Amino acid sequence: MNTLIGYDLVPEAKIVDSALRACRRLNDLASAIRNLEAVKDKAGPHKEIYPYLIQELQPTLSELGISTPEQLGMDKL
Amino acid sequence: MLATRALRLLGKRAISTSVCLRGGHGVAKIEAYTLPAYFDRRENPLPDICYVQDLSAEQVSLKEKEQGSWAALSNEEKVALYRISFKQSFAEMGEATAEWKTVIGGVLFVVGITGLIVLWQRKYVYGPVPHTFDPEWKAKELQRMLDMRMNPVEGLAAKWDSENKQWKK
């Protein structure tokens, strides 16, 4: 995952979906939320990418019960 | 050649123990700085280790709950799980610190100390200034420069009115 974040791109929804499912297999909710934060950070100034990703991932998020950082209030300080 | 054959006979796992026994000192002490460290970085979102290494009792039970369905966890529990694994969220990581004030303050302080040292030097270390800096000497120097018409076009002597013996207005 760290290598993926090292690349100059924002991962597609399918890739992030696989990462979230991997976190579920490892019983690691914190990493799942961290992944979402990292992907949002990767988008940089392009603010429209992250909402689109969340929209695409919504079925997976509800299925696995992962809250987005926004829902937890972690994107504020 | 012989040594490699002997090692192969011993087997891989036995090598380390046999080496240790031979050395007689046992296994080397593992230094803390050689172990994986935790650090918050934007480019390294998942550090090698969790932030909290020693879990309290309720954190242990929370981790047990994490094995089940995540939808059953409340928001506070999810945040608690996050905080076990990570120290700062991405938002907190990117926050501006007040470190620059310390830096500027430190720099100015050191410059001030240097200034004090320089002043002390001027007073106590350096000897007197040469006699050629006396005002009378300087006046004679200036007169000499004007007499030899130094920089007569645009510079010094150009500004001197030699008939009236004064500076040009």
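For clarity, every value in this text was computed on a predicted model and none was experimentally measured.
- Ile30(B) CD1: 12 or fewer foreign heavy atoms inside a 6.0 Å radius.
- Interface remark: Leu73(B) contributes side-chain atoms only to the contact with chain A (heavy atom separation under 4.5 Å).
- The number of heavy-atom neighbours closer than 6.0 Å to NZ of Lys138(B), taken from other residues, nucleotides and ligands shown, is above 12.
- Using modelled atom types, one side-chain atom of Asn2(A) and one backbone atom of Leu46(B) make a donor-acceptor pair closer than 3.5 Å.
- Of the residues considered (Leu81(B), Asn44(B), Val79(B)), Asn44(B) shows the highest number of contacts with chain A, using heavy-atom pairs under 4.5 Å.
- Criterion: ILVMFWY side-chain heavy atoms under 4.5 Å apart, direct or through other members. Under it, Ile104(B) and Val111(B) are not part of a common hydrophobic cluster.
- The CG atom of Leu72(A) sits 9.5 Å away from the OG atom of Ser74(B) when rounded to the nearest 0.5 Å.
- Residue Glu63(A) does not touch chain B at all, counting heavy-atom pairs closer than 4.5 Å.
- With respect to chain A, the highest number of heavy-atom pairs below 4.5 Å among Arg83(B), Gln88(B), Gln67(B) belongs to Gln67(B).
- No more than 12 heavy atoms of other residues, nucleotides or ligands shown are found within 6.0 angstrom of CD on Glu154(B).
- In the displayed structure, Glu12(A) atom CD is contacted under 6.0 Å by at most 12 heavy atoms of other residues, nucleotides or ligands.
- Other residues, nucleotides and ligands place no more than 12 heavy atoms under 6.0 Å from the CD atom of Glu99(B).
- Residues Val60(B) and Tyr51(B) fall within the same hydrophobic cluster, defined by Ile, Leu, Val, Met, Phe, Trp and Tyr side chains chained together at heavy-atom separations under 4.5 Å.
- Taking CG of Asp28(A) as the reference point, atom CD of Glu66(B) lies at 6.0 Å (rounded to 0.5 Å).
- The two residues Tyr82(B) and Ala30(A) come nearest to each other via the heavy atoms CA-CB, 3.7 Å.
- Of the two parts of Glu76(B), neither the backbone nor the side chain holds a non-hydrogen atom closer than 4.5 Å to a non-hydrogen atom of chain A.
- Scanning residues 38-48 of chain A against chain B with a 4.5 Å heavy-atom cutoff picks out Ala38(A), Asp41(A), ordered by number.
- The hydrophobic clustering, which links ILVMFWY residues whose side-chain heavy atoms are closer than 4.5 Å, places Phe39(B) and Met93(B) apart.
- In this structure, Ser89(B) and Met74(A) approach most closely via the heavy-atom pair OG-O, 3.5 Å.
- Contacts between Asn35(A) and chain B at a heavy-atom distance below 4.5 Å involve the side chain alone, from C-beta outward.
- Per-residue counts of heavy-atom pairs under 4.5 Å with chain A were compared for Ala91(B), Pro45(B), Ala71(B); the largest is that of Pro45(B).
- Smallest separation of non-hydrogen atoms from Arg42(B) and Ile5(A): O-CG2, 4.0 Å.
- With Glu43(B) contributing its side chain and Gly6(A) its backbone, the two residues share no donor-acceptor pair below 3.5 Å.
- Hydrophobic clustering, with ILVMFWY side chains joined whenever heavy atoms are under 4.5 angstrom apart, keeps Phe90(B) apart from Ile49(A).
- Trp100(B) and Phe109(B) are members of different hydrophobic clusters when ILVMFWY side chains are connected at heavy-atom separations under 4.5 Å.
- Using a 4.5 Å cut-off on side-chain heavy atoms (C-beta onward), Phe86(B) and Glu37(A) make no contact.
- Atom OH of Tyr38(B) has more than 12 neighbouring heavy atoms from other residues, nucleotides or ligands inside a 6.0 Å radius.
- Contacts between residues 18-27 of chain A and chain B, defined by a heavy-atom separation under 4.5 Å, are made by Cys23(A), Arg24(A), Asn27(A).
- Residue Lys14(A) qualifies as open at atom NZ: its count of foreign heavy atoms under 6.0 Å is 12 or below.
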